[in-house]
Amino acid sequence: MTLKSIAVACLAITAATGVILGATGAAQAAETFVHGTVDATRGLNVRSGSPTGAVIDTMPYNSNADLYCWVSGPAVTGPFGTTTVWDAVNDYTTPGGQSIAYVGGTRVFSSDAWLNTGGDTSKMLPHC
């Protein structure tokens with residue numbers, strides 16, 4: 001197989017699937033999310049930039065959040081115990097179906113102590 005035929009095959013795959021192939025021919029890895037449900041009856045604060053950043057939003061109780069990485073921050077105690085794990089929130093959906101997405105490049109964080117993910121998020125997601 002020539003380099004030209006490999007390039008043509010890559011273009012055909014990209015056109016057919018919408019997946020862009022890298023220089024090695026492997027598909028770019030898709031973002032992996034862990035889903036968490038807000039277990040704080042008063043809602044869960046979302047902080048900008050770091051676990052100690054300004055509160056920019058509050059996710060309502062029972063909202064479903066998509067989490068993509070984690071960092072260490074101040075210890076927080078919630079229904080799942082005390083933890084220093086803070087999860088980066090990509091987006092969430094309220095119980096009423098409203099979708100909120102965080103865009104613009106600045107990470108936003110919420111305490112893992114109040115998110116029911118079914119496990120230890122620090123073992124489920126990469127460190128940011």
Side-chain angles (χ1 to χ4, degrees):
M1 188 173 254
T2 67
L3 185 56
K4 183 178 178 181
S5 63
I6 292 172
V8 170
C10 287
L11 288 173
I13 291 170
T14 300
T17 65
V19 175
I20 298 172
L21 300 180
T24 63
Q28 299 293 326
E31 190 88 43
T32 300
F33 294 114
V34 166
H35 305 289
T37 303
V38 175
D39 205 28
T41 56
R42 294 183 183 171
L44 182 59
N45 287 337
V46 178
R47 296 181 175 272
S48 179
S50 75
T52 57
V55 174
I56 60 163
D57 194 7
T58 302
M59 293 187 285
Y61 173 73
N62 244 5
S63 291
N64 292 307
D66 288 326
L67 315 169
Y68 61 94
C69 65
W70 67 277
V71 297
S72 294
V76 174
T77 301
F80 309 105
T82 300
T83 184
T84 58
V85 173
W86 286 71
D87 302 320
V89 180
N90 185 71
D91 59 81
Y92 71 91
T93 304
T94 67
Q98 182 182 12
S99 294
I100 307 295
Y102 298 105
V103 296
T106 301
R107 288 188 175 127
V108 298
F109 297 91
S110 289
S111 175
D112 191 62
W114 291 95
L115 284 163
N116 184 356
T117 60
D120 182 350
T121 307
S122 68
K123 294 179 181 162
M124 301 162 72
L125 289 170
H127 190 270
C128 297

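Keep in mind that this is a model prediction, so the values were computed, not measured.
Applying the side chain to side chain donor-acceptor pair (under 3.5 Å) test to residues at least two apart or on different chains, the pairs with a partner in residues 36-46 are Thr37-Asn64, Asn45-Thr58. The salt bridge (Lys or Arg N to Asp or Glu O under 4.0 Å) contacts involving residues 68-85 comprise nothing, where partners must be two or more places apart or lie in separate chains. Pairs engaging residues 115-128 under the side chain to side chain donor-acceptor pair (under 3.5 Å) rule: Asp112-Thr121, Thr117-Thr121, Asp120-Ser122 [sequence neighbours left out]. Residue pairs meeting the disulfide bond (SG atoms under 2.5 Å apart) criterion with at least one member in residues 53-128, sequence neighbours excluded: Cys69-Cys128.
Scanning both residues, Ser48 and Ile56, for their nearest heavy atoms gives CB-CG2, 3.6 Å. When every heavy atom of Phe109 is checked against every heavy atom of Val71, the shortest pair comes out as CE2-CG2, 3.6 Å. Here the closest non-hydrogen pair linking Gly119 and Met124 is C-SD, 3.7 Å. The two residues Asp87 and Leu115 make their nearest non-hydrogen contact at OD2-CD1, 3.5 Å. Of all the heavy atoms in Val85 and Trp70, the pair that sits closest is CG1-CB, 3.9 Å.
Checked against side-chain hydrogen bond (donor to acceptor under 3.5 Å, both in side chains), Thr77 has the following partners two or more places apart in sequence or in another chain: Thr82. With sequence neighbours excluded, the residues that form a side-chain hydrogen bond (donor to acceptor under 3.5 Å, both in side chains) with Thr52 are Ser50.
If you take OH on Tyr68 and OG1 on Thr32, they are separated by 13.0 Å, rounding to the nearest 0.5 Å.
Val55 shares a hydrophobic cluster with no other residue; no ILVMFWY side chain has heavy atoms under 4.5 Å from its own. Side-chain heavy-atom separations under 4.5 angstrom define the hydrophobic clusters, and Tyr61 shares its cluster with no other residue. Residue Phe80 belongs to no hydrophobic cluster, having no ILVMFWY side-chain heavy atom closer than 4.5 Å to its own.
Between Ser111 and Pro51, every side-chain heavy-atom pair lies at or beyond the 4.5 Å cut-off.
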Let me have the donor-acceptor pairs involving side chains of residues 91-99, under 3.5 Å, with sequence neighbours excluded, atom names and distances please.
unit_1 : atom_1 : unit_2 : atom_2 : d
Tyr92  : OH     : Asp57  : OD2    : 2.9
Thr94  : OG1    : Gly96  : N      : 3.4
Thr94  : OG1    : Gly97  : N      : 3.4
Thr94  : OG1    : Gln98  : N      : 3.0

